[in-house]
Amino acid sequence: MNKKFSNIEGFKDKESSVSAHAASYLTDFELNTDFIFSLLKKKETLFKKNKDIELLDQIELELKKGDIFYLTPHEKFFILNNKNDEKKILSYLMFRFKFKCFPILKKTTDFPIHICIEPTSICNLRCVMCFQVDQSFTGDDIKKNSNKKYMGTMPFETFKKVVDQADEFGAQAISIGSRGEAFINKEMIKMLNYISTKKNFFDVKINTNATALTEKAIRAILDSNVNVIVFSVDDYRKEIYEKIRVGSDFDKILNNIQNFKKILNSDYKEKIIETRVSGVYFRPDQNEKDFAEFWKKYVDTVSYNKMSKRWDTYNNDIEKNENMSPCTFMWERLFVWWDGKVNICDEDYKSELSPGNIHNNSLKEIWNNKIMQNYRDIHLKRNREKLYPCDRCGV
C-alpha cells in the first residue's frame, strides 16, 4: 500500500465531476483532445520523479484549465503508483476521460468502456437496503436463494467468453461482483487466474462483502491482476454493522480485512492494489467521520454512499419524468449475469430491460443492437415513463 497516498487523500475528497466544457474537447473516437496534448507537451514538468504531490498538482492543474474533471482518490492512487511510467499515466488519463466524460456527454463508443461480470447472483447475507431481501428474487426465508429463475453461479466457460470479448473489443475496466457475493462461486480462483492472462485492462476490480476471504482467496487475488478490491462494509461498530448486514459477523470480516493487509504487506510488497472500504449511509446513527477514522487504518481509501431505493425497484413510486435525466449507464457499461443474460444496470435486478444474452450474440452486437439504441433514444428524449422500471429508478 502507498503510505504517501494515505497522507494526501481525505475522506471527503472533491467529488468526481465532469463539465459540459468537456464536449469541446471531443474530436473523434480516438480522443485527439486538447488536454491530452497539453499534458504531452508539458510532460517534463509533470513527471518529476522525486515529488509525488507536485506530480498530482500539475496534472490536476492541467485538467482544471480545461474544466474537464477532477482527480478522484482512485485516480490519484493509480498515478502515484505508476509515477515512473509517463506513457502509462497518459494512457490511463485518456481511459478515465472516456470513462467519466463519454457517459455524461452521451457519446456512444463501439464497445462499452466498462464490463461488470457476475460470478453468482447468490449472496450469503440479507442486507436491509439490498434487493437480496426481495423474496420474489431470492426465494423464501427457509430455503434462501431457492428461486432458480434468478439464482445461480456462472460456469467458467461463460466467464471466459465474457473476458475474451472484453479484451478483444477494447473494454478497459472490469468489475467482478454485482448481485451476489463473488467468492460463493467455487471457480472464482480459476477465474482470477484466467483474467490475469489479459493485459489490456487498466482497472480490474472485485467487490466483496469480505465474509469468504480465506487466506487462499486473498493470495489468489494478490497473485492476479486485480488492482482494486472493495470491501462492502457499512459501519465500524459490531452492533450496527450486524443489524445492517444481516447474517454477517463483524469480528470475522474485520479479521479477514486485517489479514488481507497483513499478507499484502508481508508477502506482496511490490503488488499495486488499492484497498477500499465502501459503505451505504442511511441511518441517523451512522457517522461518516468516525467510520473513516476507523477503517483508514486497514485500507487505502474509505467512502460512504447515500442509499438508493434498490431493495424493491419494481414497486418504487413513479418519478416525475421532468426530474429524471438520461441514465449514464447506457453509454458506459454492460452487466453480464451468471447465466449469460446481459443487463444495463443492477437496479433492474430482474432484467426487465435485458437487451440480449451472450450465448446468443456477442457483447459488441448487443451493445449496438436496436434495443440498446431505442433505450438510449428514449432516455435522451426524456421519455422514461415509457420504460419500466426506469420510470421509478432510485438512482
Side-chain angles (χ1 to χ4, degrees), residues 1-3 5-6 73-74 77-78 80-82 114-125 153-156 158-160 162-163 166-167 171-233 245 248-249 252-279 295-303 336 338:
M1 288 189 289
N2 191 302
K3 294 180 179 178
F5 177 76
S6 62
H74 170 68
F77 184 93
F78 185 96
L80 287 182
N81 282 284
N82 292 279
H114 186 187
I115 296 293
C116 304
I117 308 173
E118 173 186 89
T120 181
S121 59
I122 297 170
C123 190
N124 54 347
L125 304 183
T153 57
M154 179 178 280
F156 175 74
T158 302
F159 180 87
K160 184 174 180 289
V162 177
V163 171
D167 182 58
Q172 292 180 297
I174 297 288
S175 290
I176 299 173
S178 200
R179 294 182 298 178
E181 168 49 44
F183 284 94
I184 286 176
N185 190 317
K186 294 180 180 179
E187 294 196 285
M188 192 63 224
I189 291 176
K190 185 178 179 181
M191 291 174 173
L192 289 174
N193 291 338
Y194 186 74
I195 202 170
S196 295
T197 65
K198 308 299 180 180
K199 307 302 180 186
N200 294 325
F201 305 129
F202 275 113
D203 285 335
V204 178
K205 180 175 74 172
I206 287 185
N207 295 291
T208 176
N209 60 29
T211 58
L213 274 184
T214 62
E215 181 170 341
K216 185 177 180 180
I218 291 170
R219 292 187 181 276
I221 294 167
L222 295 174
D223 283 330
S224 74
N225 63 345
V226 170
N227 66 336
V228 184
I229 183 164
V230 181
F231 306 117
S232 297
V233 183
R245 299 216 162 233
S248 188
D249 180 332
K252 179 180 179 180
I253 67 103
L254 176 59
N255 180 70
N256 289 347
I257 294 172
Q258 289 173 330
N259 199 34
F260 191 100
K261 179 181 179 180
K262 179 181 177 182
I263 294 171
L264 172 61
N265 289 343
S266 62
D267 298 347
Y268 295 85
K269 294 178 181 178
E270 301 303 315
K271 173 72 176 179
I272 298 174
I273 183 169
E274 177 192 352
T275 57
R276 186 188 312 167
V277 160
S278 179
W295 285 111
K296 73 180 185 180
K297 299 190 294 288
Y298 309 112
V299 296
D300 296 306
T301 58
V302 180
S303 66
V336 185
W338 63 273

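Computed from heavy atoms alone, side chains included, the values below leave out hydrogens, waters and symmetry copies.
Looking at residues two or more places apart in sequence or on another chain, you find a ring pair (Phe, Tyr, Trp, His ring centres under 6.0 Å) between Phe260 and Phe231. In terms of the side chain to side chain contact (heavy atoms under 4.5 Å, CB included) criterion, residue partners of Asp249 (sequence neighbours excluded) are, by chain and number, Lys238, Glu242, Asp251, Lys252. A search for side chain to side chain contact (heavy atoms under 4.5 Å, CB included) contacts involving Leu254 returns Phe250, Gln258, Phe294, Trp295, Tyr298, not counting sequence neighbours. The side chain to side chain contact (heavy atoms under 4.5 Å, CB included) test applied to Ala173 returns Phe95, Phe99, His114, Asp203, not counting sequence neighbours. Not counting sequence neighbours, Lys199 has no partner by the side chain to side chain contact (heavy atoms under 4.5 Å, CB included) test.
A side chain to side chain contact (heavy atoms under 4.5 Å, CB included) with Val163 is found for exactly one of Ile174, Val204, Ile117, namely Ile117.
Separation of atoms OG1 (Thr208) and CD1 (Ile253) is listed at 10.0 Å; rounding is to 0.5 Å. Atoms CE and OG1, on Met188 and Thr120 in that order, are 11.0 Å from each other to the nearest 0.5 Å. Atom CD1 of Ile221 and atom NZ of Lys271 lie 9.5 Å apart (nearest 0.5 Å). Between atom CD of residue Glu181 and atom OG1 of residue Thr211 there is a gap of 5.0 Å, rounded to the nearest 0.5 Å. Here the CG-CZ distance, from Asn225 to Phe202, works out to 13.0 Å after rounding to the nearest 0.5 Å.
For the residue pair Ser232 / Asn209, no side-chain donor-acceptor distance below 3.5 Å is found, with atom types taken as modelled.
Annotation: ring pair (Phe, Tyr, Trp, His ring centres under 6.0 Å) contacts involving residues 203-225, sequence neighbours excluded, are absent.
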